[in-house]
Amino acid sequence: MKPIGNCRPDLDIVDGLAKAIKRAYQKDGAFPEPIRHLAWDYGDHADPHRVAREMNGRYLVDVSDKDGNSFAAGKQVSGFAQLRDDGTTMSGNWIYCGGYTEEGNLAARRDATDAPNGIGLHPKWAWVWPMNRRILYNRASVNRKGEPFNPRKWVIRWNAEKKIWEGDVPDGAMPPGEMNPFIMLASGVGQLYSPDLADGPFPEHYEPVESPVRNPFSKIQSSPCAQIWQSTEFDRYGKPDVFPIVATTYRVSEHWQTGAMSRNMPWLVGLVPNAFVEIGKALAKREGIKNGDRVIVSSARGSIEVYALVTERFQPFFIEGRMIDEIGIPWHWGYAGIVPGDIANDLTASVGDPNSQIPETKVFLCNIKRKDRA
Amino acid sequence: MSAPTVKPKAMIQDNTRCIGCRACMVACKSWNERPADHTDFFAGAGYQNPRDLDANNYTLITFNEIVTGAKPDWVFGRQLCMHCEQPACASACPTTALTKTELGPVVFNESRCIGCRACMQACPFVIPKYDYENLAPKIHKCTFCADRLEVGLEPACAKVCPTGAITFGDRDDMVAEAKRRIATAPDTYIPEIYGLEEVGGTSVLHLSSVPFDQIGYITGLPKTPMPDLTHRWLRVTPRVFAFLYALFAALLWIVRRRTARQEHRGEKT
């Protein structure tokens, strides 16, 4: 279906840009060769299937492998094991290699049949990287003979008669005992001791920087390695006596990220128009909040005014004999667009995970009051 | 024109596969060129918007908060025209603006609609909606994308559904597929196909994990086609009208005669 107005898919925009830039470099430019010779062959109107096929990769010349199989130039490669570093094959991204083979676009498959292990892998429903392996490091589910540790809920198992693995795509096709499961680690085995991690070498449970409970597993309350910035007025942290409620943030399927695009799309706006907070019935009753009331949610860093959605789906936690309420705030709103709304990230803390720097937006402390009582 | 051997189509609405993303609602708006809704907050449970079908919303995902497992969760339902095998709306329409096509869709000819709303009264599923905002209001409802079906495409909602909750095909195949799903996963489905026999069968077949009345469906409908029920009475209408014509003609004759006599007497005095 055609998008409304001047909306265009990302690919159309990128394709138009790339073609214009290539045209400009045909005439002149500093170091023009990489742009002039950039392979850009997705059709007059860029076809996403051509892009996906290129991501998968293909043979550039006729090649044959050591088992005597030959592959014609132009055919799609069937997986990243076929890729070579001698210029005879190409692939846009090895992770997607195997997703768009000579069998077609495997990501478009919608066959819900389960694998023989019956644990809900559904291997012919779409496609996952790498190589449609549904559970990574699945060789950790079998012993060195290839027998599942749990025969009732097996992931893979070795068929000694046929000399094949059954169930999920194994993490390495070698027979049992010939390779270790954790293929991305030098040792190949699971590690409790991990000197590579900033907060290692041993695993430890830390509470979030803002938490309503004492860390029951350690004397250290929260990670001493977390990235905590102290550079702005928003780098402040709340205590549970003032902010006793746990808040989390998430998305809804009708909006995309901060909503810069989706909040300008009238049909999506009609479905989810306003910023809102989801709260449980017990908390709503205590605070005198009814479904659809305007409420003020505040943290040590700021406050927002949103609608309250009262729902049974949010239920309090019971931790160390205490009832602790949780609320949830979708974060798609901002100050512009058809439907502006207060911004959930005005509340969240800019705390970074020690290894990934992913911010601690999934849990922080807050308070909630009906607007006329705030 | 389609060949007389054409097989009627149907659609499975498998609510157990629905994730409530509402791509079907947006695709419906897009294909049928319906304007967006001006909503404030939510109009029903959960994220439901709008509250009901209307002249600009031919389909609606309903959010039903029910305890199914350990905790309350959403169970989704869907409202759209059922495209009855023998549609009550078409039989009630005095101008034949509504007709059942060979392929299955119950289609609506806007130029014939006089806005009488007889179809709204007749529909057992309460589907047709009136365009109250319009100065010359008409009826609106899901078309089963009849224009797409004619050129071999599936309905827009079935095309975009990312989870396979909407399956489109020949009705015979869809009935078999719905039965197969229930038989192979009896823990997932209740053993009922909504639309298989309701009012004589429909072109939309709903499947569910919970009883249909829990997700807002109209249940307890007869298996007899609605036009059959009404036909028992409607077929006597010509006789009723003939009788009324005779009755009123007789009354008119009596009244005229009396008036004439009175006038005659008046002239004398």
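Since the model is a prediction, treat every value here as computed from it, not as a measurement. We name chains A, B, ... by the order of the sequence lines, and we start the count at 1 in each one.
- The greatest number of non-hydrogen atom pairs below 4.5 Å with chain B, out of Val339(A), Asn291(A), Val310(A), is found for Asn291(A).
- For Lys29(B), the parts sitting under 4.5 Å from any heavy atom of chain A are the backbone and the side chain alike.
- For an aromatic pair to be called close, the ring centres must be under 6.0 Å apart, and Phe42(B) with Phe63(B) fails this.
- With a threshold of 4.5 angstrom between heavy atoms, Phe41(B) approaches chain A through its backbone and through its side chain.
- Between chain B and the residues Ile338(A), Thr311(A), Val269(A), the largest count of heavy-atom pairs under 4.5 Å involves Thr311(A).
- Ring pair His255(A)/Trp333(A): centre-to-centre distance below 6.0 Å.
- Of the listed residues (Glu33(B), Lys71(B), Glu65(B)), the one with the most heavy-atom contacts under 4.5 Å to chain A is Glu65(B).
- Classified by interplanar angle (parallel below 30°, tilted 30° to 60°, perpendicular above 60°), the ring pair His140(B)/Tyr58(B) is parallel.
- Proximity to chain B (any heavy atom under 4.5 Å) is shown, for Ala108(A), by neither the backbone nor the side chain.
- Using a 4.0 Å cut-off between charged nitrogen and carboxylate oxygen, Lys129(B) and Asp52(B) count as a salt-bridge pair.
- Aromatic ring centres of Trp74(B) and Tyr47(B): separated by under 6.0 Å.
- A salt bridge links Arg171(B) with Glu85(B): the closest approach of a Lys/Arg side-chain nitrogen to an acidic carboxylate oxygen falls below 4.0 angstrom.
- No option in Thr248(A), Asn345(A), Ile304(A), Ile279(A) other than Ile304(A) meets the side-chain contact (heavy atoms from CB on, under 4.5 Å) test with Ile329(A).
- Contacts between Glu312(A) and chain B at a heavy-atom distance below 4.5 Å involve backbone atoms as well as side-chain atoms.
- Of the two parts of Pro50(B), neither the backbone nor the side chain holds a non-hydrogen atom closer than 4.5 Å to a non-hydrogen atom of chain A.
- When heavy atoms are compared at a cutoff of 4.5 Å, Arg313(A) approaches chain B by way of both its backbone and its side chain.
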